[in-house]
Amino acid sequence: MRLNQVSNVIVFEAAVGEQCGIDTFEEMDSNSEGRLSPEGKLKVKVVVLDELVLSGEIPPPDFIKIDVEGAEVSVLFGSKRMLLRHHPTIFLATHGIEIHRQCCDFLTSSGYHLESIDGEKDVYNTDEILACRGRNGKE
């Protein structure tokens, strides 16, 4: 962030989930990949977006990018109050058919309109979606 003179970013050395605490993190073959997993050897702090916004540690976001290697549902559930109150636009990459379905159902029931990022007409047949509050991003 310093190298690029970015001043509007807050860095948390933590995973995001549904409950605050400590969890185990599994490193993958690539150093750019990993995930929360019972098989993990690293202990990591887990934060909840609802609590960070409610406590004032971070301002309500306008945009959220979620790409968390299978923990998407947990991140969304831990953000429910903030999503319903502040309606940020969400770029979501899912990992697994069932996780994708759960995320789509959760976002739709929370008033979000879903579109495929890759042009697929059926958002249930893709793994990357754009979620905007209301139809076409309007309430």
Side-chain angles (χ1 to χ4, degrees):
M1 297 296 123
R2 273 190 301 261
L3 180 64
N4 290 303
Q5 300 176 356
V6 175
S7 61
N8 64 341
V9 173
I10 302 168
V11 176
F12 288 87
E13 291 187 23
V16 178
E18 188 174 356
Q19 296 179 356
C20 290
I22 303 294
D23 206 341
T24 52
F25 186 85
E26 179 182 10
E27 295 177 285
M28 307 306 267
D29 292 335
S30 165
N31 65 0
S32 66
E33 293 181 357
R35 64 183 177 171
L36 293 176
S37 169
E39 289 81 40
K41 292 184 171 68
L42 294 174
K43 298 279 187 193
V44 296
K45 178 180 177 181
V46 179
V47 296
V48 175
L49 291 180
D50 272 348
E51 293 186 21
L52 292 175
V53 171
L54 186 62
S55 70
E57 287 185 67
I58 63 170
D62 295 320
F63 301 93
I64 300 174
K65 168 66 167 127
I66 303 172
D67 187 351
V68 290
E69 306 300 321
E72 297 84 7
V73 174
S74 179
V75 171
L76 289 173
F77 284 3
S79 306
K80 185 175 185 175
R81 288 180 290 177
M82 183 266 302
L83 296 176
L84 291 173
R85 184 175 213 180
H86 301 288
H87 323 298
T89 298
I90 302 167
F91 296 91
L92 175 67
T94 58
H95 299 81
I97 295 169
E98 181 58 23
I99 289 170
H100 184 79
R101 186 192 61 73
Q102 290 175 7
C103 290
C104 288
D105 291 349
F106 172 84
L107 289 167
T108 301
S109 70
S110 298
Y112 277 84
H113 170 72
L114 309 180
E115 294 180 22
S116 168
I117 291 175
D118 64 8
E120 173 67 42
K121 292 195 187 292
D122 182 357
V123 295
Y124 287 89
N125 287 330
T126 186
D127 59 0
E128 292 189 333
I129 60 172
L130 171 67
C132 299
R133 184 64 177 196
R135 187 97 183 127
N136 297 323
K138 300 177 183 169
E139 292 204 64

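- Cluster membership for Val44 and Leu49, using ILVMFWY side-chain heavy atoms within less than 4.5 angstrom, is not shared.
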Can I get a per-line list of side-chain donor-acceptor pairs under 3.5 Å for residues 51-61, giving both atom names and the distance, sequence neighbours left out?
{"unit_1": "Ser55", "atom_1": "OG", "unit_2": "Glu51", "atom_2": "O", "d": "3.0"}
{"unit_1": "Ser55", "atom_1": "OG", "unit_2": "Leu52", "atom_2": "O", "d": "3.2"}
{"unit_1": "Ser55", "atom_1": "OG", "unit_2": "Glu57", "atom_2": "N", "d": "3.3"}
{"unit_1": "Ser55", "atom_1": "OG", "unit_2": "Glu57", "atom_2": "OE2", "d": "3.3"}

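- Of the N and O atoms on the side chains of Asp118 and Thr126, at least one donor lies less than 3.5 Å from an acceptor on the other residue.
- Between Pro88 and Met82, the closest heavy-atom pair is CG-SD, 3.8 Å.
- Pairing each heavy atom of Ile90 with each of Ile66, the nearest pair is CG2-CD1, 4.0 Å.
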Checklist entry - Going through the distances and angles, do Asp67 and Leu92 end up as a side chain to side chain contact (heavy atoms under 4.5 Å, CB included)? => result CA-CA 6 Å; Asp67 187 351; Leu92 175 67; over 6 Å; no
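- Checked against ring pair (Phe, Tyr, Trp, His ring centres under 6.0 Å), Phe77 has the following partners two or more places apart in sequence or in another chain: Phe106.
- Between Leu76 and Leu107, the closest heavy-atom pair is CD2-CD2, 4.1 Å.
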Expected list for residues 17-26: side-chain donor-acceptor pairs under 3.5 angstrom, two or more places apart:
{"unit_1": "Thr24", "atom_1": "OG1", "unit_2": "Ser37", "atom_2": "O", "d": "2.5"}
{"unit_1": "Glu26", "atom_1": "OE1", "unit_2": "Arg35", "atom_2": "NE", "d": "3.2"}
{"unit_1": "Glu26", "atom_1": "OE1", "unit_2": "Arg35", "atom_2": "NH2", "d": "3.3"}
{"unit_1": "Glu26", "atom_1": "OE1", "unit_2": "Ser37", "atom_2": "OG", "d": "3.1"}

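- With hydrogens and angles disregarded, a donor-acceptor distance shorter than 3.5 Å links the side chain of Asp122 to the backbone of Tyr124.
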Next on the checklist: Evaluate Ile64 against Thr89 for side chain to side chain contact (heavy atoms under 4.5 Å, CB included), listing each step before the verdict.
Outcome noted: CA-CA 6 Å; Ile64 300 174; Thr89 298; over 6 Å; no
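- Val75 and Phe63 are not part of a single hydrophobic cluster, where members link through side-chain heavy atoms under 4.5 Å apart.
- A donor-acceptor pair under 3.5 Å links the side-chain atoms of His100 to the main chain of Val123, judged by distance alone.
- No continuous path of ILVMFWY side-chain contacts below 4.5 Å connects Val48 to Leu84, so the two sit in separate hydrophobic clusters.
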Next on the checklist: Is there a side chain to side chain contact (heavy atoms under 4.5 Å, CB included) between Val9 and Ser7? Walk through the geometry before answering.
Outcome noted: CA-CA 6 Å; Val9 173; Ser7 61; over 6 Å; no
